[in-house]
Number of protein chains: 2
Amino acid sequence: MPLDRSIIARLSLFEGLGPAELDSILRDARSVRFAKETAIFEQEAEARSFYVLLAGHIRVVRTTPDGRQVIARYISEGEIFGVAAALGRLTYPATAIAAVDCVVLVWPNAVWPDLSSRFPVLAAGTFKTVGARLQDTQARVMELATEQVEQRVASALLRLVKQTGRKTDAGIEIDFPISRQDIAEMTGTTLHTVSRLLSAWEERGIIVSGRQRVTITDAHRLVMLAEHRDG
Amino acid sequence: MPLDRSIIARLSLFEGLGPAELDSILRDARSVRFAKETAIFEQEAEARSFYVLLAGHIRVVRTTPDGRQVIARYISEGEIFGVAAALGRLTYPATAIAAVDCVVLVWPNAVWPDLSSRFPVLAAGTFKTVGARLQDTQARVMELATEQVEQRVASALLRLVKQTGRKTDAGIEIDFPISRQDIAEMTGTTLHTVSRLLSAWEERGIIVSGRQRVTITDAHRLVMLAEHRDG
DNA sequence: GCGCCAGTTTGCGCCAGCGCAAATCGCCTG
DNA sequence: CAGGCGATTTGCGCTGGCGCAAACTGGCGC
């Protein structure tokens, strides 16, 4: 059963491509479902495929030799990921884990040279995504190097809300389960410190939170916290 | 006066290209000299060109809104840099400064689409470099998030030595002037802490150092320091 | 050859945030 | 609806490394 082009037509990555072209691209793809907390690919494994996330949220995690984990980023719907091969790498540099039940499109790496040369828009879009990621990662280096923990955690929450925020009556909620431990692994601190910070912010009415759930109720004050030393 | 193809023939980026192709690539380039401590391009400036370093060493620096600096990386001979435009960015994300007198080749961005499609090897090599940089940057995030200052400084020195080390009778020396402040800006600490660490290491015979100069005399013990908590 | 200055060293006090431990709380399962 | 488990909260003590300040030094320019 061939995939219907409507599933990718709306994605910015494929913008400007015609129906026949979309069909041609989809001919090499298959759609796969991943249950919550299962791995799409693993760090160090041979890179055989690249992916586009159709539905869900994915956590990209790197593990140090001594077993400590760091969350490199979250992938949102419509993003391309696992493009190691296009960047000349033979293995994936990180593990991708479904944060919720996910649906992804999968292409074998072998089709990339052909696909990218036939559809320069696609290649350009992919490299633009990579460029943006490089930029983000460098911004994180700067944050880790120059900012205090409180600023870093505030920034991380704001980034998550911006990327995946869902409006509720209480405020804007992060759209997938995220633990204190996860936030700690994004910001280079411990779950204890994150917990203390969130508690303090909740007391001051800036957020409300629960088990694996965070809602920002006063984004403005959180921005102040992220930027300055007051708030 | 046209540039001679011999200046780039030996670079891995242009590997596998014939004389006519090299000449064709060089036709669009010009060679420029930058004096020590001058800027090749500035953060936030419109990206008009991309570059290849022919001789010297370049420091890539990002500045935070409040004026703190972080060294993103050092560029060595033969590397391509300033490729913002190929990644879909309109401005440079960082400032590039000649750490010593440098010679660079400069191409206007306008020729990139043509050049990269005519010479896929060149495009692939460029994206491979970008991929490696993304990898490096993520590795730095992990280091900043999980390691102590001592480990980070040791790792930074080892990376510099590996990238640009020059053998002397005392050991392996970093091939360009580098201050305690520079090392601090690479590792997210202060020049004071770096100075204390280097003094301690010098006392233990692991390095010898002077004004803007570091020589590793016992790389093995420095590796131990970078990995564990002893040494 | 001398003076100046950027780069470096070092002492001291302090505190942000980690590590450890224990209690508590929600949620899911049976 | 009871039990159990993973997530969260919170107290306490400690310390790595920062901030400040002052002294020192190697090299370059005059």
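Within every chain, numbering begins at 1; the chains are lettered A, B, ... in the order of the sequence lines, protein sequences first and strands thereafter. Excluded from the calculations below are hydrogen atoms, water molecules and symmetry mates; all remaining heavy atoms, backbone and side chain alike, are included. This structure is a prediction, so every number in the text was calculated from the model and none was measured.
Ring geometry for H57(B) against F176(B) counts as tilted: the plane angle lies between 30° and 60°, on a 0 to 90° scale.
Only S179(B), R180(B), listed by number, bring a heavy atom of residues 170-190 of chain B to less than 4.0 angstrom from any atom of DNA chain C.
Judged by atom type and distance alone, R196(B) reaches the base of dG19(D) through a side-chain donor-acceptor pair under 3.5 Å.
Side chain of D218(B) to main chain of G205(B): no donor-acceptor pair is present (N/O by atom type, distance under 3.5 Å, no hydrogens or angles). With T91(B) contributing its side chain and A45(B) its backbone, the two residues share no donor-acceptor pair below 3.5 Å. Between the side chain of R140(A) and the main chain of M186(A), a donor-acceptor pair closer than 3.5 Å is present. Under a 3.5 Å cut-off, the side chain of R33(A) and the backbone N or O of D101(A) do not form any donor-acceptor pair. With hydrogens and angles disregarded, a donor-acceptor distance shorter than 3.5 Å links the side chain of T137(B) to the backbone of R133(B).
Across the protein-nucleic acid pair, W201(B) atom CH2 and dT10(C) atom P stand 15 Å apart, rounded to whole Å. Counting to the nearest Å, the P atom of dG17(C) and the CG atom of L191(A) are 15 Å from each other. Rounded to a whole Å, the CG atom of L198(A) is 15 Å from the P atom of dA7(D). To the nearest angstrom, P of dT8(C) lies 14 Å from CG of L197(B).
Inspection of the E79(B) and T129(B) side chains reveals no N or O donor paired with an N or O acceptor under 3.5 Å. Using modelled atom types, one finds a donor on one side chain and an acceptor on the other under 3.5 Å when comparing S209(A) with R180(A).
Rotation axes derived from the C1' atoms of the five outermost pairs at either end of the helix from dG1(C)-dC30(D) to dG30(C)-dC1(D) lie 50° apart, to the nearest 10°.
In this model, the phosphate group of dG17(C) is not approached by any side-chain N or O of T193(A) to a distance below 4.0 Å at OP1 or OP2. Dashed line: the shortest gap from a side-chain N or O of S199(A) to OP1 or OP2 of dT10(D) is under 4.0 Å.
Electrostatic pairing of E143(A) and R159(A) counts as a salt bridge here, judged by a charged N lying under 4.0 Å from a carboxylate O. Between E185(A) and R59(A) there is no salt bridge, since no side-chain nitrogen of the basic residue lies less than 4.0 Å from a carboxylate oxygen of the acidic one.
Among the nucleotides dA7(D), dG11(C), dT8(C), the one closest to the side chain of Q212(B) is dT8(C).
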Atom pairs, N/O to N/O, protein against nucleotides 22-29 of chain D, distance under 3.5 Å?
from    : atom 1 : to      : atom 2 : distance (Å)
dG26(D) : N2     : R211(B) : NH2    : 3.1

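Taking every heavy atom of both residues into account, T164(B) and D175(B) meet most closely at O-CB, 3.0 Å.
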